[in-house]
Trainee: 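Structure incoming, see below.
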Amino acid sequence: MRLSHGFVRGETLSCIYHGWGYAQAGNCLRIPAHPALTPPDTIRVATQPVEDGGGIIWISVGEPAAGPPRFEGLAPLRSMMVEADIAALEAVAGTKADGDLLDYTGNAPTIRLLLAPQGQARTLVHVLVAEGSSQAERIAASRAAEALRRAAEDIAHGGIAR
Amino acid sequence: MTRNAMIDEWYPVGIAGQLDAHGRKTALMGEPIEVGRGEDGNAKVTGANGRALPACIRYGHVWSSLGDPQKPLFAIPEADQPGRRLVDVGVVRVRCSPLRAVENFLDIAHFPFVHTDILGAEPHTEVQNYKVEIREDEDEVWATQVKFYQPQAAKSAEGGITTEYMYRVPAPTCSILYKTCPPRPGEWDVITLFVQPLAEDLCDVWPWMALFDDETPMTDLIHFQQTIFVQDRSILENQIPGLLPLDPGMEIPTRADLTSVAYRRWLKRHGYTYGAQLVAQ
């Protein structure tokens with residue numbers, strides 16, 4: 001079970017399954033099934049440096065050389081999981097990704113997608129829109145992202161893009 | 001590659017009350033099968049190429065096997081006890097190993113976190129010591145004297161009670177839970193988890209109950225059990241690794257997990273490895 005399914009209470013990250021709580025250093029603080037037990041120091045999870053930049057939470061694997069990228073003029077809209085790889089998203093967008101960035105212009109204003117592959121056929125996508133977008137523009141951008149997802153998943157499942 | 005011992009076991013493949021002549025297409029351990037009612041009125045199960053498979057009806061369900069079962073389906077004596085209501089809960093498709101589904105059913109430490117305010121609630125999270133054994137005569141895994149505080153143990157429970165449980169694993173993908181029966185002290189409610197392995201990482205789960213409860217509408221009994229199981233599904237579909245490890249690895253068992261430890265040991269001893277992760281020896 002990934003700890004990302006879990007919950008934060010105070011300064012402790014807890015697992016959704018059995019409630020084991022972990023400190024910021026990754027060591028286990030608490031095993032609720034055995035409240036009197038002090039967890040041995042060997043029970044610990046890997047930790048990564050984390051930074052909040054421009055409304056996006058970044059982690060780095062290993063020691064980062066620089067801070068996370070900034071996207072001037074853009075603000076985060078939503079995140080979504082796509083059951084397709086980056087190639088399928090590129091095919092629908094009609095453009096190549098620049099590293100982990102893909103700009104997509106459908107019938108709505110351009111949105112920028114931050115791509116985080118999750119294994120072979122799944123991509124976690126964070127959607128950014130222009131800062132100061134109206135509510136109507138944000139809704140349109142959200143729908144455009146969903147249409148992109150559906151089309152990419154059609155390709156991934158052997159279908160033809162709509 | 002040796003023949004998997006699980007081939008010769010019985011598995012649930014449908015609800016007996018829903019059998020019809022038309023038949024229902026499903027699968028068993030990767031093989032497409034069809035479950036229907038034959039001209040003689042009995043359950044009829046056909047495998048690939050139309051071969052006839054063993055079939056029987058028991059505990060509200062149709063049971064079948066791809067192989068040659070060496071013994072009859074396990075007994076649940078309480079199923080024939082007068083006064084019990086027998087509840088066909090239905091089916092829940094879960095994208096997980098059939099063995100993972102059973103293991104999760106044997107676990108109580110997750111109640112306060114996954115079934116919050118129903119089967120458990122903080123701060124009542126402690127799992128007290130209980131007894132676990134592999135009963136050699138019956139060849140079953142048993143956990144007894146399991147106790148847990150529950151805010152709403154059953155549809156018929158009013159307010160929190162400390163519930164006592166017993167667990168039984170009589171077959172690799174089936175478990176039977178005996179649970180304190182609020183309206184009838186001295187008797188046990190029976191809640192089962194019958195798991196149909198569709199593939200190593202996909203199963204249909206058929207919960208079934210035999211309860212002393214004359215009050216609660218059938219719909220509510222079914223909804224209660226479905227609510228609980230759908231909460232479990234969100235856990236089961238996200239477990240890593242997907243297959244059940246039978247050898248010690250990354251997971252850290254505690255005393256609360258002794259039932260799971262015994263279940264895994266029993267599976268390994270019998271070579272029940274369909275849905276299991278085998279580490280190179």
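Heavy-atom basis, side chains included; hydrogens, waters and symmetry copies ignored. In what follows, chains carry the letters A, B, and so on, assigned in the order in which the sequence lines appear, proteins first and then strands, with residues in each chain numbered from 1.
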Trainee: Using a cut-off of 6.0 Å, state whether more than 12 heavy atoms not belonging to B:R95 lie near its atom CZ.
Mentor: no

Trainee: Going from CD1 on A:I31 to CD1 on B:I252, what distance comes out if it is rounded to the nearest 0.5 angstrom?
Mentor: 7.5 Å

Trainee: Using 0.5 Å steps for rounding, measure from the CZ atom of B:F113 to the OG atom of A:S14.
Mentor: 7.0 Å

Trainee: Testing the basics here: between B:T125 and A:P32, what is the closest heavy-atom pair and its distance to 0.1 Å?
Mentor: OG1-O, 2.8 Å

Trainee: Are any side-chain N or O atoms of A:H34 and backbone N or O atoms of B:A256, one a donor and one an acceptor, separated by less than 3.5 Å?
Mentor: yes

Trainee: Is it the case that over 12 heavy atoms from other parts of the model lie below 6.0 angstrom from the CZ atom of A:R122?
Mentor: no

Trainee: Given a strict heavy-atom distance threshold of 4.5 Å, which part of B:D107 is in contact with chain A: side chain, backbone, both, or neither?
Mentor: side chain

Trainee: Is it the case that over 12 heavy atoms from other parts of the model lie below 6.0 angstrom from the CD1 atom of A:I57?
Mentor: no

Trainee: To the nearest 0.5 Å, tell me how far B:I240 CD1 sits from A:R2 CZ.
Mentor: 4.0 Å

Trainee: Measuring from B:N238:CG to A:S4:OG, what's the distance to the nearest 0.5 Å?
Mentor: 8.5 Å

Trainee: Rounded to the nearest 0.5 Å, what's the gap from OG1 on B:T254 to NE2 on A:H18? Could you check?
Mentor: 8.5 Å

Trainee: Quick check on B:Q128 against chain A: is it the side chain, the backbone, both or neither that has a heavy atom closer than 4.5 Å?
Mentor: neither

Trainee: Count the heavy atoms of every other residue, nucleotide or ligand shown that sit under 6.0 Å from CG of A:D52, and state whether that count exceeds 12.
Mentor: yes

Trainee: Ignoring hydrogens, what is the shortest heavy-atom contact between B:H110 and A:Y17? Give both atom names and the distance.
Mentor: CB-O, 3.1 Å

Trainee: Answer yes or no: does atom CZ of B:R265 have more than 12 heavy-atom neighbours from other residues, nucleotides or ligands under 6.0 Å?
Mentor: no

Trainee: Does this structure show an ion pair linking A:R30 with B:E126, if we count only N-O contacts that are shorter than 4.0 Å?
Mentor: no

